[in-house]
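Structure, as structure tokens:
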Amino acid sequence: KQEVTQIPAALSVPEGENLVLNCSFTDSAIYNLQWFRQDPGKGLTSLLLIQSSQREQTSGRLNASLDKSSGRSTLYIAASQPGDSATYLCAVPRTGGTSYGKLTFGQGTILTVHP
Amino acid sequence: DGGITQSPKYLFRKEGQNVTLSCEQNLNHDAMYWYRQDPGQGLRLIYYSQIVNDFQKGDIAEGYSVSREKKESFPLTVTSAQKNPTAFYLCASSLNSNQPQHFGDGTRLSIL
């Protein structure tokens, strides 16, 4: 059974810092990994999706990396801003049989960027 | 604009009552999903549907029911059998099981 863990559970940084969020998964037989952002009381917004054949994916100040062999992904946020404050979740799709495509989520990292 | 609409935003349930949460999408996606989110926990899959007139149980389907009579709509009913229904419910859709999932803004369900 796939398990996804995110570390740290919460992170508070001053504005302008570069930061790294971590995601680890137990079953390396994944075909992609997705990072989401969730604002309080809102749904999830997809940030980046990395295919298993890719090592990195970039969008603006965000960079996500994927190392399937070690079961890890990192989300790097450059020059953090107060507007980046949110919960960040990673998710991997399950494979095999009728589970194909269903996502397993981590518990999220709550990020606070203070001015 | 294309997207996923969940309603209502807030819902209250009385003891013994069934309530239905609405999820509509105009993205022409085949697959739709319902998740439950509890404080401090990740999302857990309740039900999913890969195509119209077909749906499958997720990890925590007990006390819930769904229907998929139209491609655009995937309503979730929280029945009286669900003893701990207080949670944030999120609906998602994707073009198919291989594509990214897009989420609605959620419905917060509470017990009166």
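Here the side chains of A/T104 and A/F25 are not in contact, with every heavy-atom distance at 4.5 Å or above. Residues A/L75 and A/C90 have side chains not in contact (no heavy-atom distance under 4.5 Å, counting atoms from C-beta outward).
Contact annotation for B/Q6: neither backbone nor side-chain heavy atoms come within less than 4.5 Å of a heavy atom of chain A. Heavy-atom distances place both the backbone and the side chain of A/L44 under 4.5 Å from chain B. Looking at B/N96, there are no atoms closer than 4.5 Å to chain A (heavy atoms on both sides), in backbone or side chain. If you measure heavy-atom distances from A/Q38 to chain B, the contacts under 4.5 Å come from the side chain alone. Using a 4.5 Å cut-off between heavy atoms, A/D39 makes no contact with chain B at all. Within the 4.5 angstrom heavy-atom criterion, atoms from both the backbone and the side chain of B/L43 approach chain A.
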| said: Show, in sequence, the C-alpha distance, side-chain angles and deciding distance for B/D38 and B/R44, and conclude whether the salt bridge (charged side-chain N to carboxylate O under 4.0 Å, His left out) test is met. | reply: CA-CA 9 Å; B/D38 294 281; B/R44 292 183 290 169; 2.8 Å; yes
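At distances below 3.5 Å, at least one donor-acceptor pair connects side-chain atoms of A/R61 with backbone N or O atoms of A/A78.
Side chains of B/E24 and B/S73: a donor-acceptor N/O pair is present below 3.5 angstrom, by distance only.
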